[in-house]
2 protein chains.
Amino acid sequence: MKRYSLGIDFGTNSMRLLLVNISNGRQVIEIVENYPSGKDGVIVDSRNPHLARQNPADYIYCLSKAGQKLGRRMKLKGIKAEDVIGIGIDTTGSTPIPVDENLVPLSFKKEFRNNKNAMAWLWKDHTSSDEAEEITALARKIRPEYLTKIGGVYSSEWFFSKILHLARTDPKVFQASASFVELCDYIPALLTGCSTPSNVLRSICAAGHKAMYHDNWGGLPDKEFLESLDTRFKGLREKLYDKAYPAGIKAGGLTKYWAKKLGLLEGTPVSVGAFDAHMGAVGAGIKENVLVKIMGTSTCDIMIFPKDKNLPDIPGLCGIVPDSVVPGFIGLEAGQSAVGDIFYWFLKTFLPEKRKDVFAYYTRLARNIKPGSSGLVALDWHNGNRTVLVDQKLTGLIAGLTLSTKPEEVYRALMEATGFGARVIIERLNEYGVRVDSIVACGGLPEKNSLLMQIYADITGKEFKIAFSKQTCALGAAMFGAVAAGKEKSGFENVQQIQEKICRFKPQTYKPVKENHLVYEKIYHNYKKLHDMFGIPDYTGNLYSVMKDMLKIQSDAVR
Amino acid sequence: MKRYSLGIDFGTNSMRLLLVNISNGRQVIEIVENYPSGKDGVIVDSRNPHLARQNPADYIYCLSKAGQKLGRRMKLKGIKAEDVIGIGIDTTGSTPIPVDENLVPLSFKKEFRNNKNAMAWLWKDHTSSDEAEEITALARKIRPEYLTKIGGVYSSEWFFSKILHLARTDPKVFQASASFVELCDYIPALLTGCSTPSNVLRSICAAGHKAMYHDNWGGLPDKEFLESLDTRFKGLREKLYDKAYPAGIKAGGLTKYWAKKLGLLEGTPVSVGAFDAHMGAVGAGIKENVLVKIMGTSTCDIMIFPKDKNLPDIPGLCGIVPDSVVPGFIGLEAGQSAVGDIFYWFLKTFLPEKRKDVFAYYTRLARNIKPGSSGLVALDWHNGNRTVLVDQKLTGLIAGLTLSTKPEEVYRALMEATGFGARVIIERLNEYGVRVDSIVACGGLPEKNSLLMQIYADITGKEFKIAFSKQTCALGAAMFGAVAAGKEKSGFENVQQIQEKICRFKPQTYKPVKENHLVYEKIYHNYKKLHDMFGIPDYTGNLYSVMKDMLKIQSDAVR
């Protein structure tokens with residue numbers, strides 16, 4: 001008997017259905033729908049570049065449209081509704097939606113139509129940076145423990161920053177909200193017919209990584225803390241939730257309405273949701289001592305660590321949350337604020353008309369540059385530093401420039417800089433007992449840029465594998481859908497067993513070349529000096545050797 | 001009665017005759033001849049990028065050719081040979097020529113024809129960097145006083161480095177040399193018929209700035225020092241000279257042969273020569289408390305200071321030589337290793353196909369950028385740092401980069417970086433009692449780039465004037481030609497009186513804009529931090545504030 005599970009992935013610009021044969025991992029049907037609203041699905045504001053919202057109607061519209069295609073495609077392939085045993089959901093986040101007492105997004109109501117504040121506050125909305133600073137400051141003062149699991153700084157991209165900004169800038173919407181629901185919680189609730197905010201099974205992934213939820217202090221931040229932030233927050237705590245759940249727990253059964261839309265059976269188990277990167281890590285084959293790097297415009301780095309072993313708080317890591325990735329393990333989240341974005345910026349801004357395909361052209365040139373031979377060393381902080389410095393107010397830097405420096409050398413130095421940034425994260429993890437043996441990369445970049453992968457392997461001295469699936473997020477979601485269906489239906493005890501069965505890697509892996517690694521060891525030493533000098537408050541030291549040393553490395557390399 | 005003087009300027013790619021009416025400064029005839037040999041007059045070597053020589057035959061060929069044109073043009077203008085009262089010469093340097101006992105360049109001899117080592121070693125020949133380091137090291141050890149007037153480091157571009165390299169790499173040429181004569185000494189000798197190396201009147205400008213000549217230790221470095229450098233230098237000291245002379249001293253009278261070639265009178269007084277930058281400073285109107293900046297691919301910065309006042313050794317200044325610029329004053333030389341070169345590198349390498357006239361286009365864009373608004377700060381060390389760090393092994397750096405950084409912002413930041421570099425020099429001079437009240441800029445850049453001039457004025461807080469003459473070097477040479485003619489013929493006591501009469505500035509000067517100056521004051525603080533941290537050995541400090549501060553300056557600027 002063939003068993004399928006459906007992964008539903010809500011991304012930044014589009015949503016995707018992925019039907020997976022969970023006996024063998026084959027991805028049999030994939031349907032993508034672009035959000036119709038805004039600019040590529042993102043509602044922006046010409047007067048405020050920080051604003052990024054989504055129209056919740058897009059989610060329902062795309063889900064319906066994709067669902068119709070799913071039914072037709074299943075029929076063509078002879079897949080029966082009863083062969084689909086479960087549904088899993090992953091979404092962007094933190095993407096909270098203000099809802100009414102019936103779990104209806106406020107933007108669906110006449111009085112808030114076209115009000116961007118009543119829509120979903122997309123993860124990359126940065127309107128709430130002042131509020132984030134206030135939350136960090138207050139926590140430092142009265143609840144320092146809240147910051148221990150999130151790297152010491154609460155972000156403007158996160159749940160409470162956004163709600164506080166809403167409370168202050170649009171009190172009507174704030175007051176009309178019966179609750180605030182993350183997109184990854186809203187979709188399972190929608191599919192299972194949950195119509196009361198208090199009954200929504202909230203994702204521990206969203207709660208722990210973005211809302212300071214932790215068992216150590218009894219779940220979410222307490223009433224006193226929230227109301228000390230702003231008197232407008234009086235009563236907010238009661239509108240939220242006390243407990244959060246890991247993915248794989250059944251949120252409910254598919255409603256008749258959505259069963260029809262999707263061509264599936266009513267009652268099909270729907271898993272509790274989670275964020276895309278976390279489910280993507282599962283789809284990529286995360287396990288103990290394997291780091292998953294989801295690499296695109298920025299990176300998200302995920303590790304897991306057994307809950308029964310002792311894990312200290314790791315400074316600079318943006319999330320340490322039990323059960324957030326694989327139940328039974330502590331999920332660890334780190335990340336680099338810009339990776340692909342830096343290459344795009346450099347090549348498109350500085351060399352726009354040089355060639356038609358500027359990426360392929362310069363990647364080809366950069367491939368022929370020997371490590372160290374440019375004499376360049378750069379800091380990859382063009383969008384701040386997420387891990388381990390947790391500081392948005394840092395900027396990019398490049399040293400070692402001469403009148404002979406070529407664009408492809410700068411491009412390669414930028415690639416290397418992100419590789420050094422990746423290494424800092426790995427070293428921080430190692431330092432605190434989370435050993436990284438190898439890395440699985442997924443996302444858009446690894447497939448497009450094999451040079452980058454080789455550079456990363458050479459810099460870190462670790463093997464880089466590439467996840468076989470291009471859709472690890474939706475694949476991970478489907479895996480959790482199967483877990484939610486239970487062992488009897490799926491044949492698997494837990495998500496690890498499914499991973500064992502279906503997670504694969506591309507045949508080509510990237511192993512460190514010893515000679516290159518030795519050169520990068522030396523350059524990393526200089527990167528780290530710059531990193532610490534520019535990035536750590538009150539750090540005192542000497543930098544005179546950096547330019548000298550880079551020139552020495554260069555002359556050794558070109559010899 | 002009209003009195004004229006002829007300035008002869010030997011540059012890197014061409015030579016120039018400039019006939020000046022010294023009663024009113026009018027430049028009545030200008031003739032340019034390009035050197036026929038090599039690449040734009042420079043003999044290079046495809047196997048050795050550091051090599052840069054010149055064919056001495058080019059000097060004679062161009063002088064003859066230009067001389068014929070001069071005669072014709074004088075006739076057309078009704079200028080009589082007897083109206084030309086003197087001749088002055090400026091050349092590049094250190095550009096030593098190996099000569100035989102009759103002052104014939106060795107490259108004119110059959111056995112050394114086509115031998116690049118027997119030609120003129122052009123100022124920018126960098127084959128001798130190892131030798132320069134050895135000379136510095138030995139002087140530090142046994143003759144530290146030799147380094148006190150040249151900023152502490154002997155350069156690979158200078159006289160003894162080149163001769164030592166010659167002695168080691170081409171002993172035949174070295175041994176065949178009866179002496180080594182700077183181009184600025186060779187030309188006056190040639191024109192006045194001097195045919196014995198020991199009779200050549202050597203320029204104190206060349207001797208003091210490039211050959212460690214100073215009265216404090218009795219002229220050139222002593223025999224023991226030279227022979228300690230290399231046993232091959234045995235007997236070298238005797239081939240050189242004991243005394244050097246300032247420009248304005250008469251080297252001799254024009255020979256019959258050259259009088260005919262140039263259409264002038266036999267016996268016309270010829271001045272002792274000097275380097276282009278130094279005579280250029282005079283032509284630009286240098287006087288006490290006025291800094292002359294000759295700005296092109298790099299800069300040469302010249303000041304004068306009364307010999308009768310007490311001047312301490314100024315660390316990091318590459319030359320402190322009595323009488324080298326204006327007799328009676330100590331000539332001070334500083335410089336920036338790359339200025340125009342940096343802009344050329346950036347615009348031509350990174351944005352080559354963007355527009356036809358990439359300079360005009362990006363200068364227009366950069367003009368519209370408010371000081372501080374890019375958040376960028378750069379170090380202008382793409383070709384090392386000549387003053388005040390005297391260190392070739394430094395490199396360019398740029399900090400403050402973000403995903404929004406635009407090319408024109410980088411371009412402007414590079415312009416600003418050279419402005420900050422200029423300010424460091426001014427501050428060093430001030431610190432040691434050489435007060436800079438205003439600046440006269442000359443050379444190619446100031447005329448082409450008014451934005452750069454305004455940035456410099458805003459950064460330094462000083463007025464920048466632009467020398468009226470485009471040919472300040474040849475003009476300065478002509479002025480010294482008139483001095484060599486004597487008061488009776490010229491009507492002037494000394495070169496200052498001629499300056500008073502004929503040096504003028506362009507009507508447009510650049511005055512600091514207070515608002516911009518205040519912003520640059522803040523950015524300079526960060527530049528200086530980077531400067532000291534990366535440039536000074538054993539310098540210890542804290543850099544964390546730099547990126548923060550630049551972001552703050554940026555947000556204030558765009559507000």
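Numbers restart at 1 for each chain; the letters A, B, ... are given by sequence-line order, proteins then strands. Every heavy atom of this structure was used, including side-chain atoms; hydrogens, water molecules and symmetry mates were not.
- Residue B:S545 does not touch chain A at all, counting heavy-atom pairs closer than 4.5 Å.
- The closest side-chain heavy-atom distance from A:D357 to A:Y361 is not below 4.5 Å.
- Across A:F534, A:Y344, A:Y544, the residue that shares the most heavy-atom pairs under 4.5 angstrom with chain B is A:Y544.
- Top candidate by heavy-atom pairs under 4.5 Å with chain A, chosen from B:I536, B:L379, B:D341, is B:I536.
- The six-membered or imidazole ring of A:Y524 lies away from that of A:Y520, with a centre-to-centre distance of 6.0 Å or more.
- Residue A:L551 touches chain B through its side chain alone, counting heavy-atom pairs closer than 4.5 Å.
- Using cut-offs of 30° and 60° for the angle between ring planes, the B:Y411 and B:F346 rings count as parallel.
- Looking at B:Y539, the atoms closer than 4.5 Å to chain A (heavy atoms on both sides) all sit in the backbone: N, CA, C or O.
- B:W345 has its ring centre less than 6.0 Å from the ring centre of B:F350.
- For B:D532, no part lies near chain A; criterion is any non-hydrogen pair under 4.5 Å.
- By the 4.0 Å N-to-carboxylate-O rule, B:E408 lies too far from B:R412 to be salt-bridged with it.
- Options A:L403, A:N542, A:D538 differ in how many heavy-atom pairs under 4.5 Å they form with chain B, and the most are formed by A:L403.
- A heavy-atom distance below 4.5 Å is not found between the side chains of B:L401 and A:W381.
- For B:K406, the part lying near chain A is the backbone, with the side chain staying farther off; criterion is any non-hydrogen pair under 4.5 Å.
- Among B:L394, B:V546, B:T405, B:N383, the residue making the largest number of heavy-atom pairs under 4.5 Å with chain A is B:T405.
- In this structure, chain B has a heavy atom under 4.5 Å from the side chain of A:L530, while its backbone stays farther away.
- A heavy-atom distance below 4.5 Å is not found between the side chains of A:H50 and A:D45.
- Among the candidates B:V377, B:D391, B:L376, B:I342, the residue making the largest number of heavy-atom pairs closer than 4.5 Å to chain A is B:D391.
- With contacts defined as side-chain heavy-atom distances shorter than 4.5 Å, the pair B:D380/B:Y527 qualifies.
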